[in-house]
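In what follows, chains are A, B, ... by sequence order, proteins preceding strands, each numbered from 1.
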Amino acid sequence: MSSEHPPAGGTGRPAGRRPPSEPDRPEPAGQVEQLTLIDPADPAAPAGRRRGRGGRQPGARALAEHLPVARVAVDKPLSHLDQFFDYAVPLAMDADAVPGARVRVRFGARVVEGRREGGRLEDGFIVERLAASDYPGPLAPLASVLSPEPVLTPPLLALCRAVADRYAGTLADVLQLAVPPRRSIPEKEPAADPPPPPAAPEPGTWARYPTGPGYLDALARGGAPRAVWTALPGPHWPEEIARAVAATLASGRGALAVLPDGRQAARVDAALTALLGPGHHVALTAGLGPEERYRRWLACNRGTVRAVVGTRAAMFAPVRDLGLVVVWDDGDSSHSEPHAPQPHAREVLALRATDAGAGMLLGGLSRTVEGAQLVASGWAHPLEPGREAIRRAAPRVRTIEDVDLHRDDAARTARLPHPAWRTAREALASGPVLVQVPRRGYVPRLACGRCREPARCTACAGPLEARAQSGTLHCTWCGRPEADWHCAACGSFRLRASVVGARRTAEELGRAFPRVPVRTSGRDGVLATVPGTPALVVATPGAEPVAEGGYAAALLLDAWALLARPDLRAGEQALRRWLSAAALVRPADSGGVVLIVGDPGLRPVQALVRWDPAGHADRELAERAELRFPPVSRMASVTGTPSAVADVLATLRLPEGADVLGPVPVEPAAGPGGPGGSGGVGGGRPAGRADEALERALVRVPPGHGAALAAALKAAYIGRLLRKEPEPVQIRVDPVDIG
DNA sequence: AGCACGCCGACT
DNA sequence: GTCGGCGTGCTC
């Protein structure tokens, strides 16, 4: 009677069998009868209805005969529980109701005398078609199939599931990130055939790396090499990425490259077009508009194009036969998706590479600890230039200390140490000069004038700021005035106003170099390129324009400010920012000079001078290993009211070797980068009411137990939902804001 | 999330 | 006697 096989892929009981604890429900006699519809509200009743073995219901609509059940991921309700719901497939929808199709379903209806009433229309995706459902009750029919376009294909679903699991998040949240909203116009356009694979590219500038040509060759021959690539400074890396992508296409497979921002994606896009011509790839970036974005996404999903270059949202792009994933500059915080569960492009793409058996190219001018770990663990190989190639490509780097150097009048006007002023003046004779200024608001507002220790509130340790009107000191967290501050570290009473912003630096430089044009590139108003003519270009980190022919010099001001942040990654990030600016400067042979204003004894400063990001990352990794910090361990944060956090910690079934740090009170949200933000599971603010005291605990597990940690956190979270605990908690895997 | 059902106090 | 409090459970 009941079907011989349990539903494919179903996790539940075999269809037609139920535990004996539900005696009052009629035992389904067989699948087809079981699925006969009782819903009256289908206007498009198919005329020639085929009968199942026992179509006993006179008013029933005909159902698809082959696989009459559609398992649906319903978008809205209960998404915390990550459940699928089974619906019957009306015969009229049989052809369209393919796995991955978007559907509308009635959800939450009640049954009155065998008829279904009410129920809200919800969006969903068909996850799979089944011969039978393991749901014991009668199935409601699909309300409609919005489109037969299979957008949530089985491999994309599997990826979303894996990402949700890795981050203790819900499938629904990840689906939101992975599947773009539907637009009907691009869907109606016919799918073209993909172009034939291009020829394998020449190594080009990859020849500058000992293992570069071999890496490219492996890709072209269908291999899956995984490399952590330290790129040489200069303008060649976009083309090098393009060649790696082209080599993968040559093997008949697809490729996906994710870059931190649209400017850089545009450079790789242009390099790919130059190398292959149009038609082989699409760029997937914000700012395209929803329709064009969907058109390109569809082109990728339909296999019309085999390569995608884009920003972080492209990490889910459904590239077919994935042969290579590329992440450029994974230390850039833009690679962290701000929406729950906040997946990181590097992690998602490493997951995809592993699952798809694809290669990976994790490249950048610098190297993150995570990159160093991938090499240390043997998962990836280093792809590095030799010392000689670095010497040829990199500018000369000099350091000067920034103590008491304001002797010269012009230099003082520019707030520049004198040697920096002189370097700029000399370099301006032959080209543009880049001045990198830390972003305001990114650095401690005030610091000790002697030892540079950030000035902190004596009550709550929040950062102090000087009120513009009165000039008095106040804490930006608790608001308390700080009457007689002195440095907690060295006892000095002198304060130093932290950093001059880009705009004011530009004004002052303009006065110090009256005949030289000054351009700024920053948060609002980012310049992509500047001409190769003499000019001062003041930029904040990440916004440096590329100069035609390279900058003659770069000045990196206020190194201390980047390093003074109470952040695990402060050193790594500082070095990353300096390298990205320094890489835009001409090679030393052509006179390129970088001058960094900061203590030459600091490890990141030394790494810049030696141009050794890999060594720096290795040392950071060793330090993290010693302290058992991520990524050597995996961490998650649990934030909420004290009782809620305590409850989660108490019910958490932690894996072997786990430990808990805290809980500690969380500072009230301080400014833009505060502990707000949604993430993991438990979405928005964990604060029930505003201003309620919150605590945060960090949970840490040894390497290899990340999945168990995520599973345990999610179980504890779901447990609270099921128990209807009113106090919300927020759970975040790989929290970004741990100091 | 909504929206049912279900078992105990003050009203026409 | 009934209307209604929102506690608990279900939604294919």
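Taking atom CZ of A/Arg120 as the reference point, atom P of B/dA1 lies 13 Å away to the nearest angstrom. Summarising the geometry, the separation between CZ on A/Phe125 and C1' on C/dC12 is reported as 18 Å, rounded to the nearest angstrom. When rounded to the nearest whole Å, the span between CG of A/Leu722 and C1' of B/dA1 equals 14 Å. We find that CG of A/Asp75 is positioned 20 Å from P of C/dT11, with the value rounded to whole Å. Rounded to a whole Å, the CZ atom of A/Arg116 is 16 Å from the P atom of C/dC10. Atom CG in A/Asp173 sits roughly 15 Å away from atom C1' in B/dA1 (whole-Å rounding). A straight line from CD of A/Glu117 to P of B/dC5 spans 11 Å, rounded to a whole angstrom. Here C/dC10 presents its P atom at 23 Å from CZ of A/Arg106, a figure rounded to the nearest Å.
Shown are A/Leu156, A/Val151, A/Leu157, A/Leu146; of these, the side chain to side chain contact (heavy atoms under 4.5 Å, CB included) with A/Phe125 is made only by A/Val151.
For the pair A/Arg110 and B/dC5, the criterion of a side-chain N or O lying under 4.0 Å from OP1 or OP2 is not met.
A/Leu121 CG: more than 12 foreign heavy atoms inside a 6.0 Å radius.
A salt bridge links A/Asp82 to A/Arg161: one of the charged nitrogens lies within less than 4.0 Å of a carboxylate oxygen. Using a 4.0 Å cut-off between charged nitrogen and carboxylate oxygen, A/Asp123 and A/Arg182 do not count as a salt-bridge pair.
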